[in-house]
Amino acid sequence: MLQLSFIRENKDATLAGLRKRHFANADQIVDQVIALDQQRRDTQRDLDDTLALSNAKAGQIGLLMKAGDKAAAEAAKLETADLKARSKELADTLRQLEADLQNVLVTIPNLPHSSVPEGRTADDNAAVLEHGTIPTLHANALPHWELIKKYDIVDFELGTKISGAGFPVYKGKGARIQRAMINFFLDEALKAGYTEVQPPILINEDSGFGTGQLPDKEGQMYFATDDKLYLIPTAEVPITNMYRDVILPEGQLPTKNVGYTPCFRREAGSWGAHVRGLNRLHQFDKVEIVRIEKPENSYTALEEMSQYVQSLLQKLELPYRVLRLCGGDMGFTSALTYDMEVWSAAQGRWLEVSSVSNFETYQANRLKLRQKVAGKMQLLHTLNGSALALPRILAAILENNQTPDGIRIPSALVSYCGFDTIS
RNA sequence: AGAGAGAUGGCAGAGUGGUCGAUUGCGUCGGUCUUGAAAACCGAAGACUGUAACAGGUCCGGGGGUUCGAAUCCCUCUCUCUCUGCCA
């Protein structure tokens, strides 16, 4: 959520940022926010003045009662009726204005960083770099959804019986390589200075709001209605919300957490082409890194995170590219996002395996995550990134490393798996 | 799940209708003293909103109510603790 004071004082910059995102009706909505805010402040002032009078009267009555002057006290009581009615009315108005303002405010996305490229769609994303060589496959190479059947390591039909489409069962070496990747990713993060956490995978409404999934994306999350809990779409939500309503002492910054969780996404409406096999699932595993940084350090931290994710891809010997997302393709809450995509050789396309973002103060403002600098409160910056999401990594390894004799496991994973080939 | 007890400032813990935004202790920060530290003593310190700055307003788990006036009374929700039950 953007800060009201920022919008008020930087209307032009706000509008320019929203335009870069191709956010519809930006002028109208910003004007509405400013108008509502003005009304809110006027009403607040009226209410405050009324309450001040009312408080003064109550104090007088208290003194009169103490002095035993009942008659005067009763007389003073009569004078408060008006104030009471008026303050109730103003309080109602204020509450309504605040709700209206909030409802508009949450529809406004974060403002893009100055380095975010212009553009509307994924085609407009800027390529930052490409690394590794695209493998040449043998004549009878298969896409991963054939390979998993051939070697019987992931079973979609079985998952469909148990749960439904998009809930695969990993079997044998398929399950073991999943566990290997999780351990590998966590160990690497520990070496890079991250602290491992294991958060809940069901979250309440406040947490969903804190990181921006609510009210925007409720349709994308599974919801346990009896208990009003959402299944997490990413560990970003519970890990970042550990810092909701927190004033971090300076000595605790930066915080660097890593967590492994399953992730659940309804993916309502997104089924169709390009979602075969492991490309898009309702349940998948992911290791996530989350950092809280001082504002002046957050972009350095973002670069570090990007380098870190790349180091994982290099250790897995996967060809990848890094994209800087354009204004139109960025997530709602992000100020700058890098996507890492690996080459999926048999599909002949890039697969997004990580998204690393700086949210600046957008989440922190909702979370009320702050530090105190020279006696003043200041919002902190939040960042997160996948490190990494498992299914597409598995898909790329299967496809890129296939030979007529089987699938070669990247050497970094062999000690974790306990085997070097799937055959 | 049942019964009971609770929820107050970083922590502990007073406060049961009227200068209570809140006693006190610990912790924290500053000062005096000291070569330095400890101890002792003195002092400071919450958040939100609002203002050019003051002022003002709000916040004692959340929400609602009673009252001229609520941390304090009532309703409700959530959570915690103890006991019992059940169960990885």
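Only heavy atoms go into these numbers, but all of them, side chains included; no hydrogens, no water, no symmetry mates. Note on naming: letters A, B, ... go to the chains in the order of the sequence lines (proteins, then strands), and numbering restarts at 1 for each one.
- With sequence neighbours excluded, no residue forms a side-chain hydrogen bond (donor to acceptor under 3.5 Å, both in side chains) with A:Asn183.
- With sequence neighbours excluded, the residues forming a salt bridge (Lys or Arg N to Asp or Glu O under 4.0 Å) with A:Glu188 are A:Lys191, A:Lys315, listed by chain and number.
- Seen from the ring of A:Phe209, A:Arg366 counts as a face-on cation partner, given the 6.0 Å and 45° thresholds.
- The 5' end of RNA chain B is approached more closely, in terms of each residue's nearest nucleotide, by A:Lys372 than by the other of A:Lys372 and A:Ala76.
- B:A5 and B:G9 have their C1' atoms separated by 23 Å, given to the nearest Å.
- Looking at residues two or more places apart in sequence or on another chain, you find a salt bridge (Lys or Arg N to Asp or Glu O under 4.0 Å) between A:Asp27 and A:Arg19.
- Remark: A:Tyr260 engages A:Asp285 in a side-chain hydrogen bond (donor to acceptor under 3.5 Å, both in side chains) (not counting sequence neighbours).
- Salt-bridge formation is not detected for the pair A:Asp82/A:Arg86: no Lys NZ or Arg NE/NH1/NH2 atom is positioned less than 4.0 Å from an Asp or Glu carboxylate oxygen.
- Here A:Glu236 pairs with nothing under the salt bridge (Lys or Arg N to Asp or Glu O under 4.0 Å) rule; sequence neighbours left out.
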So which protein nitrogen or oxygen atoms get under 3.5 Å of nucleotides 70-79 of chain B's nitrogens or oxygens?
none

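- A:Lys294 meets the side-chain contact (heavy atoms from CB on, under 4.5 Å) test with A:Glu250, A:Leu253, A:Glu296, A:Asn297, A:Gln371; sequence neighbours excluded.
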So which protein N/O to nucleotides 15-18 of chain B N/O distances come out below 3.5 Å?
{"residue": "B:G18", "atom": "N2", "partner": "A:Ala58", "partner atom": "O", "Å": "2.9"}

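- A search for salt bridge (Lys or Arg N to Asp or Glu O under 4.0 Å) contacts involving A:Glu360 returns nothing, not counting sequence neighbours.
- Residues that satisfy the side-chain hydrogen bond (donor to acceptor under 3.5 Å, both in side chains) test with A:Ser355, not counting sequence neighbours, are A:Asp339.
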task: Treat primed atoms plus P, OP1 and OP2 as sugar-phosphate and everything else as base, then score nucleotides 50-63 of chain B 5' to 3': B for base contact with protein heavy atoms under 4.0 Å, S for sugar-phosphate contact only, - for none.
output: SS----BSS-----
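- Among the nucleotides B:G46, B:G65, B:C48, the one closest to the side chain of A:Met377 is B:C48.
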query: How is the base pairing of RNA chain B summarised as a dot-bracket string, given the Watson-Crick and G-U wobble criteria with both distances under 3.5 Å, [ ] for crossing and | for another strand?
result: ((((((((.[[[..)..(.....]]].(((((.......))))).((((......)))).[[[[[..)....]]]]])))))))....
